[in-house]
Amino acid sequence: MPIPKLYNTLTRSLESVVIRNGKVGVYCCGPTVYDVPHAGNARAALVPDILVRLLRSLGLDVTYVRNITDVDDKILDRARKSGTSPLELSGGMAKVYQDLMAQLGCLQPTVEPKVSENIAEIVALIGQIIERGSAYVVERSNGTRDVYFSVRSFSDYGKLSRRKIDELRVGARIERDEEKSDPLDFALWKGASADEWGWDSPWGRGRPGWHIECSAMSGRYLGHGFSVHTGGMDLIFPHHENEIAQSEAAQPGSGPLAQCWLHNGFLNVDKEKMSKSLGNFVTVPDVLKRNDPEGFRWFLLTAHYRAPIQLDTETLADGRVTFPSIDEAERRVDYLYSTVERLAELPARSSEQVITLPKELQPFTRSTTDNVQAAESSLLDDLNTPVALAALGELLKSANELCDLKLKRRKDPAFVRAVEIPGFTLDTAIRQVTGWLGLLQSSPAEYRERTRRNRADRRGLSTDTIQGMVNERETARRERDFARADALRDGLLNLGVSVKDTPSGSVWSIGA
RNA sequence: GGCGAGGUAGCCAAGUGGUCAGGCAUCGGUUUGCAAAACCGCUAUACGCCGGUUCGAAUCCGGUCCUCGCCUCCA
């Protein structure tokens with residue numbers, strides 16, 4: 001069985017995924033749910049999704065954990081401002097996140113743990129770290145107690161981000177906190193007074209610190225030393241560095257927290273990192289207002305996961321913002337669905353038939369196999385989705401070529417029947433590759449309905465009106481009144497609607 | 001200052017020590033009532049800059065310029 005190779009941030013090299021008894025654990029650092037997810041959150045969810053699909057297609061038993069951080073100071077602040085309770089806010093945002101990721105075709109994780117439901121595990125882990133001498137309790141002036149992790153007690157600190165403890169003190173802005181014994185130490189537990197949001201613990205009421213939840217939840221659901229831990233590049237330091245310190249300090253001698261650390265690059269908007277202050281912040285709902293979710297997915301797959309991906313925006317005359325590169329990706333998804341639909345029109349395969357393929361059809365089998373292999377080996381090689389998409393493109397081209405060939409030779413019944421053989425092979429191949437990529441998750445009819453409706457809405461058109469004009473044009477064509485038919489078509493084209501005349505009638509579509 | 005990513009044809013984007021990435025756009029063709037879609041073909045002497053290694057480098061080495069990110073919450 002081929003084993004996927006991934007770039008491990010910890011060793012800065014390509015390594016085979018570590019499998020234990022046919023099992024693989026994948027932990028994805030999910031979002032802190034204080035707001036709707038942004039475009040970058042989508043990318044971070046998509047990367048492990050591709051990995052999990054690939055691993056499962058190899059027959060491996062994958063436990064996929066994607067956490068929801070629903071306890072955090074940002075959530076508390078937002079809740080205060082909007083007059084709701086923190087868990088009400090984060091619960092709602094978590095649902096939004098889950099719904100949007102599902103729309104983007106991301107697999108449902110095996111487990112989607114929340115911090116608020118893992119407080120006992122977090123408290124137990126903190127206790128273990130204290131016992132090992134790597135954390136200490138500090139009493140604050142208001143009577144509450146914090147627990148801090150002692151960075152200097154963990155000799156491997158900095159191994160993931162390649163930072164040296166002593167260099168961290170220079171230049172960096174480390175908040176002075178008189179209660180910590182070392183400015184580098186970070187909170188495992190933050191004390192809270194009786195009227196504040198919190199849970200009881202051996203150190204009094206409080207809330208978990210930022211990093212401890214991932215250590216507790218990955219430990220609970222995957223155990224120590226699981227296969228792959230994923231997240232955005234910006235989590236390398238301090239989040240993942242601290243996770244490693246906590247988990248490994250809690251269980252000295254039990255090896256690394258995770259075998260492989262996989263980090264995805266940023267999604268930049270107009271060449272810069274998204275940030276609210278720059279005003280280039282793009283949320284997933286912003287994208288889906290304008291593009292089909294599968295188009296967005298295709299777009300995210302056009303760049304290698306570790307490379308930054310550029311999301312360019314264009315502001316229309318009416319002030320609306322569009323994403324030209326996602327539009328382009330969406331046109332490729334149109335092509336995917338229209339090709340699959342065409343392929344379905346080929347003669348149905350009858351299994352008992354044994355036909356010697358005509359010479360013209362022979363190359364199809366070979367190139368189909370080659371392209372499936374190209375797609376698979378590129379994904380096995382550090383999830384190279386752009387190359388896999390190129391291979392998929394070749395398959396789609398072959399499928400159209402085959403359909404064109406059948407059309408050209410339609411008077412030759414033996415040939416038409418023979419077409420079913422490569423047609424079936426191609427259909428299977430396309431489904432296999434799109435399965436790895438999480439594309440083609442609807443039927444062509446569903447996709448057409450969905451995009452027609454959404455694109456019509458976006459342009460302020462009604463599908464009934466369009467259908468009416470198309471019908472009118474068909475009547476004109478039947479009467480061979482081409483001047484009128486063309487005028488109607490031009491009118492539709494001005495609305496952004498293109499009409500395709502086929503033997504079975506006119507089909508219309510709205511451009512992405 | 002420390003750590004890191006990247007600079008590839010008009011644009012997006014892979015890859016690699018020695019005939020092809022791929023997509024978009026453009027142009028020509030097949031097809032069509034004309035189109036659209038689809039397919040075929042053409043196109044750019046592509047690899048930031050300067051040196052070096054080599055029979056041969058965009059690919060390896062040295063230097064250099066530029067862009068971006070992390071080091072503080074961030075996917």
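Letters A, B, ... mirror the listed sequences (proteins, then strands); counts begin at 1.
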All N/O pairs under 3.5 Å across the protein-nucleotides 8-14 of chain B interface:
{"residue": "A14(B)", "atom": "OP1", "partner": "H304(A)", "partner atom": "N", "Å": "2.7"}
{"residue": "A14(B)", "atom": "O3'", "partner": "N384(A)", "partner atom": "ND2", "Å": "3.1"}

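- Shown here are the side chain to side chain donor-acceptor pair (under 3.5 Å) partners of N242(A), two or more places apart in sequence or in another chain: Y157(A), H211(A).
- G2(B) and A21(B): their P atoms are spaced 39 Å apart (whole Å).
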**OP:** Determine which bases of RNA chain B form Watson-Crick or G-U wobble pairs with both distances under 3.5 Å, and write the result as a 5' to 3' dot-bracket string with | for other-strand partners.
**Re:** (((((((..(((.....[...)))..((((.......))))......(((((..]....))))))))))))....

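- For the side chain to side chain contact (heavy atoms under 4.5 Å, CB included) test, residues two or more places apart in sequence or in another chain that qualify with L493(A) are S498(A).
- Evaluation of the ring-ring contact (aromatic ring centres under 6.0 Å, His included) rule for F149(A) yields F186(A) as partners, not counting sequence neighbours.
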**OP:** Encode nucleotides 26-39 of chain B as B, S and - characters from 5' to 3', where the letter depends on protein heavy atoms closer than 4.0 Å: B to the base, S only to sugar-phosphate, - to neither.
**Re:** -------BBBBSBS

Can I get a per-line list of side-chain donor-acceptor pairs under 3.5 Å for residues 335-342 of chain A, giving both atom names and the distance, sequence neighbours left out?
{"residue": "Y335(A)", "atom": "OH", "partner": "K397(A)", "partner atom": "N", "Å": "3.4"}
{"residue": "Y337(A)", "atom": "OH", "partner": "E294(A)", "partner atom": "OE1", "Å": "2.8"}
{"residue": "Y337(A)", "atom": "OH", "partner": "E294(A)", "partner atom": "OE2", "Å": "3.1"}
{"residue": "Y337(A)", "atom": "OH", "partner": "Q441(A)", "partner atom": "N", "Å": "3.2"}
{"residue": "Y337(A)", "atom": "OH", "partner": "S442(A)", "partner atom": "N", "Å": "3.1"}
{"residue": "S338(A)", "atom": "OG", "partner": "D334(A)", "partner atom": "O", "Å": "3.2"}
{"residue": "S338(A)", "atom": "OG", "partner": "Y335(A)", "partner atom": "O", "Å": "3.1"}
{"residue": "T339(A)", "atom": "OG1", "partner": "Y335(A)", "partner atom": "O", "Å": "2.6"}
{"residue": "T339(A)", "atom": "OG1", "partner": "N400(A)", "partner atom": "ND2", "Å": "3.0"}
{"residue": "E341(A)", "atom": "OE1", "partner": "R448(A)", "partner atom": "NH1", "Å": "2.9"}
{"residue": "E341(A)", "atom": "OE2", "partner": "R448(A)", "partner atom": "NH1", "Å": "3.2"}
{"residue": "E341(A)", "atom": "OE2", "partner": "R448(A)", "partner atom": "NH2", "Å": "3.3"}
{"residue": "R342(A)", "atom": "NH1", "partner": "N400(A)", "partner atom": "OD1", "Å": "2.9"}
{"residue": "R342(A)", "atom": "NH1", "partner": "D404(A)", "partner atom": "OD1", "Å": "3.2"}
{"residue": "R342(A)", "atom": "NH2", "partner": "D404(A)", "partner atom": "OD1", "Å": "2.7"}

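- Residues passing the ring-ring contact (aromatic ring centres under 6.0 Å, His included) test with W298(A): none are found, sequence neighbours excluded.
- Against RNA chain B, the stretch residues 260-269 of chain A makes heavy-atom approaches under 4.0 Å through N264(A), G265(A), F266(A), L267(A).
- A sub-4.0 Å separation between OP1 or OP2 of C71(B) and a side-chain N or O of K164(A) is absent.
- Partners of L407(A) by side chain to side chain contact (heavy atoms under 4.5 Å, CB included), not counting sequence neighbours, listed by chain and number: R410(A).
- Across all strands shown, M233(A) has no heavy atoms under 4.0 Å from either base or sugar-phosphate atoms.
- Under the ring-ring contact (aromatic ring centres under 6.0 Å, His included) criterion, W436(A) pairs with no residue, sequence neighbours left out.
- Taking only distance into account, the side chain of R163(A) meets the base of C70(B) through a donor-acceptor pair shorter than 3.5 Å.
- Scanning for ring-ring contact (aromatic ring centres under 6.0 Å, His included) contacts around F266(A) gives an empty result, with sequence neighbours left out.
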